[in-house]
Amino acid sequence: MNEKSKKIYLPRYRATNIALVSFILMATAFLKNRSLNIFLAMILSICVAGITYFLYYMYLTKTKMGKRYIQKLKENVEKK
């Protein structure tokens, strides 16, 4: 395995994946609303994704459950 695939368990990668999904879902929801223009919808989607990234990253790095989750992921990656 290369070095990039070994580090997929790191909190920044996990939080980025969650924030990207949040961005896509929120952009879709905001764009379906005809009363919002596209720029406002994109700004709101970026804000929601940023907040999601920050909160999930803090969860993974600052709480006991998040640290245990990352440790289990790290062990699973190292086994493979």
Side-chain angles (χ1 to χ4, degrees):
M1 268 192 281
N2 60 18
E3 209 49 40
K4 183 78 170 174
S5 65
K6 286 186 177 181
K7 295 188 178 194
I8 197 69
Y9 60 85
L10 291 176
R12 67 175 177 238
Y13 294 122
R14 310 275 315 161
T16 302
N17 290 340
I18 298 296
L20 184 61
V21 169
S22 171
F23 173 76
I24 292 169
L25 290 175
M26 293 308 290
T28 304
F30 286 137
L31 289 175
K32 295 246 186 230
N33 186 354
R34 299 288 182 205
S35 64
L36 289 177
N37 66 14
I38 191 165
F39 297 113
L40 183 59
M42 295 308 278
I43 290 171
L44 288 172
S45 299
I46 290 170
C47 290
V48 168
I51 291 168
T52 303
Y53 176 87
F54 176 74
L55 291 175
Y56 195 66
Y57 185 81
M58 287 294 124
Y59 166 74
L60 289 175
T61 56
K62 302 297 181 191
T63 63
K64 288 181 183 178
M65 288 179 64
K67 289 177 183 177
R68 274 188 277 169
Y69 180 69
I70 293 297
Q71 186 62 35
K72 286 181 183 180
L73 287 174
K74 185 177 180 181
E75 289 169 2
N76 288 341
V77 169
E78 289 174 352
K79 284 180 186 177
K80 293 181 182 179

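Numbers here simply count residues along the sequence, with the first being 1.
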Going only through I, L, V, M, F, W and Y residues with side-chain contacts under 4.5 Å, is there a path from I38 to I24?
yes
Taken to the nearest 0.5 Å, the spacing of L73 CG from L60 CG works out to 8.5 Å
In this structure, CZ of F30 is separated from CG of N37 (nearest 0.5 Å) by 12.0 Å
Rounded to the nearest 0.5 angstrom, the CE-CD1 distance for M42 and I46 is 5.5 Å
**Message:** Please determine whether residues Y13 and I70 belong to a single hydrophobic cluster, defined as Ile, Leu, Val, Met, Phe, Trp and Tyr linked transitively by side-chain heavy-atom distances below 4.5 Å.
**Reply:** yes
Of all heavy-atom pairs linking K67 and T61, the shortest is CE-O, 2.9 Å
Donor-acceptor contacts under 3.5 Å from residues 49-57 side chains, at least two apart:
residue, atom, partner, partner atom, Å
T52, OG1, S22, OG, 3.3
T52, OG1, V48, O, 2.7

